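Below is one structure, written out as structure tokens; the observations come after it.
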Amino acid sequence: MFQTFNTFFARLRLWFAPLQKQFSVAFLEKSRWKLLLTGLENTLTVTFFAVLIGLALGALLAVIRSVWDSNRGTLRSKPLRLFLGGLNALSKVYLTVIRGTPVVVQIMILFFVILARSNNKILVAVIAFGLNSAAYVAEIIRGGIAAVPAGQTEAGRSLGFNYVQTMWHIVLPQALKSVLPALANEFISLLKETAVAGYVGLTDLTRAADIIRGATYQSLFPLLAIALVYLSIVLLFTQLIGLLERRLRTRGH
């Protein structure tokens, strides 16, 4: 009986020995695990600030398009009509270009052409991913605004609010509440899209794993490690969004 167990554990040690060696080479030798920490820090930094840009710019674009769609037939002031019409046209062009081109192309154009003199790769990545996310956030929020009953706007006006106050205090909060799951999915997608930042030499999580893989010729543990890190972040973010949704639902009742 004991001989059988000893044989079994001996075989397990023989099976795990190469994996232990691969793990040691991939992460412990020359403290290569620090590359993953640097990559994680850069990924989270880019994602955080890109989310802020995407949310702010996306909300602005959504409001511009919604205001034009709901008021273009009633605007009597020609200068105001031309101004809003121009903003709406620019917004549509922006949305078409950004959503019609890959984000990796956009970040390369920014880094190698528009911001070629800048050596701040994190800044370039934040701008690129923020501008890309804003296009999708804008359409999500615009759909949420369109879903708010027209009576809500009329109620705001009856309370003495002007159009901007009604939009800010009544319409937008309801729209954001209804589109929160879609926004959460967009931000999760943004987190994973930052994996292409390595095209401009930024050491994000994926780039860090690629550096380790190139230096050690070990692929299993570096790729498995970043997959687990991405999964953990997404699960944590999903839990936080779930808590926020439940809190908003409770307040709504």
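We use all heavy atoms of the structure for the numbers below, so side chains are in, but hydrogens, waters and symmetry mates are not. Note that the structure is a prediction, hence the values are computed from the model and not measured.
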Spacing of [atom1] belonging to [X] relative to [atom2] belonging to [Y], to within rounding of 0.5 Å:
X      : Y      : atom1 : atom2 : value
Glu41  : Thr43  : CD    : OG1   : 10.0 Å
Leu231 : Leu224 : CG    : CG    : 10.5 Å
Arg32  : Ile211 : CZ    : CD1   : 11.5 Å
Ile127 : Phe111 : CD1   : CZ    : 12.0 Å
Ile141 : Ser66  : CD1   : OG    : 9.5 Å
Lys30  : Ile212 : NZ    : CD1   : 12.5 Å

query = Is the number of heavy atoms from other residues, nucleotides or ligands within 6.0 Å of CZ (Phe237) greater than 12?
reply = yes
query = Name the one of Leu37, Ile122, Leu205 that satisfies side-chain contact (heavy atoms from CB on, under 4.5 Å) with Asn42?
reply = Ile122
Hydrophobic cluster membership, [X] vs [Y], 4.5 Å side-chain cutoff:
X      : Y      : value
Phe48  : Val103 : yes
Val113 : Val126 : yes
Leu52  : Leu240 : no
Leu90  : Val67  : no
Ile114 : Leu123 : yes

Heavy-atom pair of closest approach, residues [X] and [Y]:
X      : Y      : result
Tyr94  : Asn132 : OH-N, 4.5 Å
Leu35  : Ala208 : O-CB, 3.4 Å
Ala138 : Leu61  : CB-CB, 3.7 Å
Ala197 : Ile107 : CA-CD1, 4.2 Å
Ala50  : Leu190 : CB-CD2, 3.9 Å

query = Ile64 and Trp68: side chain to side chain contact (heavy atoms under 4.5 Å, CB included), yes or no, with the steps?
reply = CA-CA 6 Å; Ile64 290 173; Trp68 173 254; 5.7 Å; no
Heavy-atom distance under 4.5 Å between the side chains of [X] and [Y], does that happen here?
X      : Y      : value
Phe187 : Leu55  : yes
Val137 : Glu186 : yes
Phe129 : Val196 : yes
Ile188 : Ile233 : no
Arg207 : Leu202 : no

key: Between Thr206 and Tyr230, a side-chain donor and acceptor under 3.5 Å   = yes
key: For Gln174, all residues meeting side chain to side chain contact (heavy atoms under 4.5 Å, CB included), sequence neighbours excluded   = Val148, Gln152, Ile170
task = Using the test side chain to side chain contact (heavy atoms under 4.5 Å, CB included), find all partners of Phe112 that sit at least two apart in sequence or belong to another chain.
result = Met108, Val200
Return yes if some donor-acceptor pair links the side-chain N/O of [X] with the main-chain N/O of [Y] below 3.5 Å, else return no.
X      : Y      : value
Tyr136 : Leu183 : no
Ser232 : Leu228 : yes
Gln106 : Ile98  : yes
Thr194 : Leu191 : yes
Ser118 : Leu115 : no

N-O pairing of Arg213 and Asp210 below 4.0 Å = yes
task = Starting from the C-alpha separation in whole Å, work towards a yes-or-no answer on side chain to side chain contact (heavy atoms under 4.5 Å, CB included) for Leu40 and Ile226.
result = CA-CA 9 Å; Leu40 176 60; Ile226 64 168; over 6 Å; no
message = Suppose we screen for salt bridge (charged side-chain N to carboxylate O under 4.0 Å, His left out). Which residues come up paired with Glu139, at least two apart in sequence or across chains?
response = Arg65, Arg142
task = Go through the steps for Val229 and Leu36 under the test side chain to side chain contact (heavy atoms under 4.5 Å, CB included), then give the verdict.
result = CA-CA 10 Å; Val229 171; Leu36 293 180; over 6 Å; no
ask   = Run the side chain to side chain contact (heavy atoms under 4.5 Å, CB included) check on Val63 and Leu172 step by step: do they pass?
value = CA-CA 9 Å; Val63 169; Leu172 274 180; 4.2 Å; yes
